[in-house]
Every structure is written in C-alpha cells, then in structure tokens.
> 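First, the structure itself, so that you have it in front of you.
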Amino acid sequence: SLYSLLFPSPHLSSSGSMKWYFALLIVGLLAGLSSAQEKEGSNNDPCAEKKCGVGYECDLDEDEKASCVCIRRCEHDTIPLQICTTQNVTYDSECDFHRQQCLCNTRNEECLDSSVRGAKVDYFGACKELVQCTSEEMKEFPVRMREWLFLVMEELDRRNDLTGKAHDWVEEAKRMGEHKWVLPVIWKFCDLDVSHNRDIDWDELFPITAPLKPMEHCTVSFLKGCDSNNNGNISLDEWGVCLGLSKDEIDDRCYELSN
C-alpha cells in the first residue's frame with residue numbers, strides 16, 4: 001500500500017530524515033506499477049480493449065461505442081501524493097494534473113489554465129523553494145545515494161518485487177561487504193534505461209528526480225554533473241564514475257536482467 005511505502009519498517013534506516021528520503025525513493029521506483037497493470041473487464045465490455053492516454057478514461061457513447069474522455073473524477077489513495085509541476089504549481093495528485101491537461105487540450109470549460117498543456121511533473125510533494133546545493137553537500141551526495149540504492153534493492157527484494165536474476169544480485173551484493181552498493185548502482189542504471197540503449201536521458205531519470213528533488217536539493221545538479229561529455233545523456237560509465245565505482249567495477253550486466 002502507499003502507506004507502507006511512505007512509512008517503511010524502522011530497520012530500514014537509523015536516521016529519521018533518511019527514512020523519509022528512502023520512503024520517497026521507494027514511491028518513485030514503484031510509481032506506475034498499478035497503471036501498468038491491465039484493467040479487468042468482461043469480454044463483452046467495449047472498454048476492455050480500449051487504450052486511452054494519460055488523463056483520459058474510457059467511456060461508452062450513446063451507441064455503446066468505446067471512446068476516450070477526460071477523467072471525470074480522480075480517486076485518491078488514503079494519503080494522496082501531491083506533485084509540483086515545471087510551472088511551479090501544486091496539484092493534489094498526478095491524476096488531477098493530467099486531468100487538467102486533458103480538459104485544456106480538449107478545450108473543456110472546466111480547464112482552469114490553458115498553459116498547463118505544456119507543463120510536466122517536476123517532483124513529488126507541494127512546490128517549495130529549493131535552496132542552492134553547497135560543494136560539501138555535493139561531495140557527500142553520491143555516497144548517500146549509492147547506499148539508498150542498496151537499501152531500495154534490498155527492500156524490493158524483501159517485498160518479492162524483483163525478478164529472479166535481480167534477487168541473485170541482491171544476494172551477491174550482500175557478500176561484497178563494503179562494496180555492497182556496486183551491483184545496486186548498476187541495477188538502477190539498467191532499470192532506468194527503458195530504451196535499452198545504454199544511455200539514460202532526462203525523461204528516464206524521472207523515477208529518481210521526482211521523489212528525491214524536494215528532499216535532496218542537490219539531486220538535479222548532481223545528475224547533470226554526471227553527464228561529463230554534455231551530450232544530454234548519462235552512459236553506464238558516467239553513471240558508475242559519478243556514484244563512486246572504479247573502472248573495474250563498472251560492468252555492463254544489464255542483459256542478465258532482461259533474459
């Protein structure tokens with residue numbers, strides 16, 4: 001449940017603040033799992049096979065034909081997760097934001113501000129002023145981040161949310177002692193690289209930036225710095241070096257997870 005993700009078991013962290021960061025990272029890593037699940041429906045339901053875009057839902061017209069319309073009402077979890085857009089506007093949930101975009105794209109009278117059409121989700125949580133990242137904080141960030149990735153992978157494994165091979169990686173990481181975070185760092189790169197081209201673009205970084213940005217103001221600056229050749233993407237080598245892996249530790253094993 002969303003509650004268990006926001007309030008993980010106490011053993012996950014010895015620090016109160018880190019527990020919140022870890023909780024938000026878990027939310028980001030698992031975001032979209034429910035939306036990726038297929039809708040249950042009868043074979044006789046025309047909407048069962050109808051696919052609608054984000055912010056839309058299927059509805060039957062007067063001729064019983066399926067069509068996509070803007071979501072009429074967003075169903076929120078017990079603890080709704082607010083989002084802040086790139087326009088610095090807070091919405092009660094991603095659903096509310098995408099519903100507004102749909103209303104404005106279709107020129108519905110319920111559209112509150114047509115400029116929302118060009119906005120994107122920036123991060124989870126209410127909009128806030130983000131302070132500048134200091135050089136000392138930037139230096140410490142990769143150490144914390146790679147530790148989080150190990151904790152995240154370990155927790156997902158405990159919840160049986162990893163594939164069989166990823167589970168093997170967790171067990172292998174535990175045997176690596178002080179370098180237990182090497183495989184989680186590589187795993188997260190493979191996980192983010194949805195295009196499987198061994199380069200992560202900014203859109204693919206969203207599961208990391210959205211939950212961490214409001215809690216860790218160094219997130220965006222750090223990730224931009226990982227792109228050492230300034231080509232707009234982060235390669236596996238750049239990702240590994242950025243998170244403190246040695247050249248010998250950076251090993252492309254993503255193919256293991258896809259087999």
> Rounded at 0.5 Å granularity, tell me how far CZ in F124 sits from SG in C84.
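If I round to the nearest 0.5 Å, the distance is 12.0 Å.
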
> Just do the side chain to side chain contact (heavy atoms under 4.5 Å, CB included) check on L205 and I200 with the steps written out, would you?
CA-CA 7 Å; L205 283 170; I200 300 174; 3.6 Å; yes

> Does the distance from a Lys or Arg side-chain N to an Asp or Glu carboxylate O, for D161 and R159, drop under 4.0 Å?
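Salt bridge present between D161 and R159.
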
> Let me know which of L183, D191, L162 forms a side-chain contact (heavy atoms from CB on, under 4.5 Å) with M153.
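Among L183, D191, L162, the one that satisfies the side-chain contact (heavy atoms from CB on, under 4.5 Å) with M153 is L162.
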
> Counting distance only, does the side-chain N/O of R146 pair as donor-acceptor with the main-chain N or O of L243 below 3.5 Å?
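Yes; at least one donor-acceptor contact below 3.5 Å.
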
> Are the side chain of D61 and the backbone N or O of E64 linked by a donor-acceptor pair below 3.5 Å?
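Here the side-chain-to-backbone pair exists.
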
> Can you tell me if S93 uses its side chain to pair, donor with acceptor, with the backbone of L81 under 3.5 Å?
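No; zero donor-acceptor contacts below 3.5 Å.
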
> Just by distance, do the side chain of D227 and the backbone of G232 share a donor-acceptor pair under 3.5 Å?
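Such a contact is found between D227 side chain and G232 backbone.
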
> How about C58 and C68: are their SG atoms under 2.5 Å apart?
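Looking at C68 and C58, their sulfur gamma atoms do not lie closer than 2.5 Å, so the answer is no.
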
> Between the side chain of N105 and the main-chain N/O of R107, is any donor-acceptor distance below 3.5 Å?
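A pair under 3.5 Å: no.
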
> Can you give me the closest heavy-atom contact between V121 and F206, atom names plus distance?
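For V121 and F206, the tightest heavy-atom pair comes out as O-CE1, 3.4 Å.
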
> Determine whether K174 and K180 satisfy the following criterion, side chain to side chain contact (heavy atoms under 4.5 Å, CB included), listing intermediate values before the conclusion.
CA-CA 6 Å; K174 291 177 180 177; K180 63 184 180 183; over 6 Å; no

> Between D237 and K247, is there a side-chain N and carboxylate O pair less than 4.0 Å apart?
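So D237 does not pair with K247 through a salt bridge.
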
> Can you check whether C254 reaches H196 side chain to side chain, under 4.5 Å on heavy atoms?
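No, every pair of side-chain atoms sits at 4.5 Å or beyond.
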
> OG/S235 to CG/D199 distance, rounded to the nearest 0.5 angstrom?
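Output value for this atom pair is 6.0 Å.
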
> Does one side chain, of Q132 or H217, offer a donor that lies under 3.5 Å from an acceptor on the other?
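Per modelled atom types, Q132 and H217 side chains form no pair under 3.5 Å.
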
> Any idea which heavy atoms bring K165 and E256 closest together, and the distance?
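Nearest heavy atoms, K165 then E256: CE-OE1, 3.1 Å.
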
> Determine, using ring centers only, whether W169 and H167 are less than 6.0 Å apart.
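No, the ring centres sit 6.0 Å or more apart.
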
> Same cluster for L60 and V69 if Ile/Leu/Val/Met/Phe/Trp/Tyr side chains link at under 4.5 Å?
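The answer is no; the residues belong to distinct hydrophobic clusters.
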
> Identify the heavy atoms of K213 and Y123 that sit nearest to each other, and give their distance.
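Residues K213 and Y123, closest heavy atoms: CD-CD2, 3.6 Å.
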
> Hydrophobic clusters here meaning ILVMFWY residues chained together by side-chain heavy-atom distances under 4.5 Å, can you tell me if W239 and F222 are in one?
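Yes; tracing contacts between hydrophobic side chains, which count when under 4.5 Å, links both residues.
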
> Quick one: does any side-chain atom of K128 pair with a main-chain N or O of P214 as donor and acceptor, under 3.5 Å?
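It does hold such a pair.
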
> Counting only N and O atoms by type, is there a donor-acceptor contact under 3.5 Å from the side chain of N231 to the main-chain atoms of N233?
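Judged by distance alone, yes, a pair lies under 3.5 Å.
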
> Is there a donor-acceptor pair under 3.5 Å between the side chain of T106 and the backbone N or O of L103?
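Yes, because the side chain of T106 sits within donor-acceptor range (under 3.5 Å) of the backbone of L103.
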
> Is E94 paired with R99 through a side-chain N to carboxylate O contact shorter than 4.0 Å?
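No.
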
> Hey, could you give me the SG/NE2 distance between C70 and H98, rounded to the nearest 0.5 Å?
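Between atom SG of C70 and atom NE2 of H98 there are 13.0 Å.
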
> Got a salt bridge between R158 and E155, using NZ or NE/NH1/NH2 to carboxylate O under 4.0 Å?
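Judged by the 4.0 Å cut-off on N to carboxylate O distance, R158 and E155 do form a salt bridge.
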
> Out of curiosity, D59 CG to R72 CZ, how far, rounded to the nearest 0.5 Å?
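Here the interatomic distance stands at 4.0 Å.
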
> Parallel, tilted or perpendicular: which fits the ring planes of W148 and F141, with parallel below 30° and perpendicular above 60°?
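Judged by the thresholds at 30° and 60°, the geometry between W148 and F141 is perpendicular.
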
> Is a donor from one side chain sitting under 3.5 angstrom from an acceptor on the other, for D248 and S246?
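Checked: D248/S246 side chains show no N/O donor-acceptor pair below 3.5 Å.
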
> For W187 versus L257, what's the shortest heavy-atom pair and its separation?
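That closest heavy-atom pairing would be CD1-CD1, 4.0 Å.
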
> Is a salt bridge present between R144 and E147, judged by a nitrogen-to-oxygen distance below 4.0 Å?
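Salt bridge between R144 and E147, a charged N being under 4.0 Å from a carboxylate O: no.
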
> If you measure from SG on C133 to CD on E140, what distance do you get to the nearest 0.5 Å?
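So the SG of C133 and the CD of E140 are separated by 9.5 Å.
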
> For S195 and N197, test the side chains for any donor-to-acceptor distance below 3.5 angstrom and give the result as yes or no.
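Looking only at side-chain atoms, N197 and S195 do form a donor-acceptor pair, the distance falling under 3.5 Å.
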
> Which heavy atom in S228 sits nearest to a heavy atom in E238, and how many Å separate them?
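Looks like OG-OE2, 3.0 Å.
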
> For W181 versus L245, what's the shortest heavy-atom pair and its separation?
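Closest heavy-atom pair between W181 and L245: CZ3-CD1, 3.5 Å.
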
> Under 3.5 Å, is there a donor-acceptor pair linking the side chains of E137 and T134?
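Checked: E137/T134 side chains pair up, N/O donor to acceptor below 3.5 Å.
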
> Which value, rounded to the nearest 0.5 Å, describes the distance between L236 atom CG and I250 atom CD1?
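It is 6.5 Å, given to the nearest 0.5 Å.
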
> Would you confirm whether Q101, through its side chain, and V116, through its main-chain N or O, come within 3.5 Å as a donor-acceptor pair?
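A pair under 3.5 Å: yes.
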
> For the backbone of R253 and the side chain of D251, can you confirm whether one donor and one acceptor N or O come within less than 3.5 Å of each other?
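The answer is no, because no donor-acceptor pair under 3.5 Å joins these two groups.
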
> Should M176 and V143 be counted in the same cluster of Ile, Leu, Val, Met, Phe, Trp and Tyr side chains packed under 4.5 Å apart?
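Result: no, two separate clusters.
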
> Cluster question for you: counting only ILVMFWY and a side-chain heavy-atom cut-off of under 4.5 Å, with indirect links fine, are I208 and L130 together?
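No, separate clusters.
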
> Could you go through the side chain to side chain contact (heavy atoms under 4.5 Å, CB included) check for D193 and E204 one step at a time?
CA-CA 7 Å; D193 181 26; E204 290 173 317; 3.9 Å; yes

> Is M145 reachable from W202 through a run of I, L, V, M, F, W or Y residues, each pair having side-chain heavy atoms under 4.5 Å apart?
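Same cluster: W202 reaches M145 through Ile, Leu, Val, Met, Phe, Trp or Tyr contacts under 4.5 Å.
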
> Go through C95 and I71 one step at a time and tell me if the side chain to side chain contact (heavy atoms under 4.5 Å, CB included) criterion holds.
CA-CA 8 Å; C95 175; I71 293 174; 4.0 Å; yes

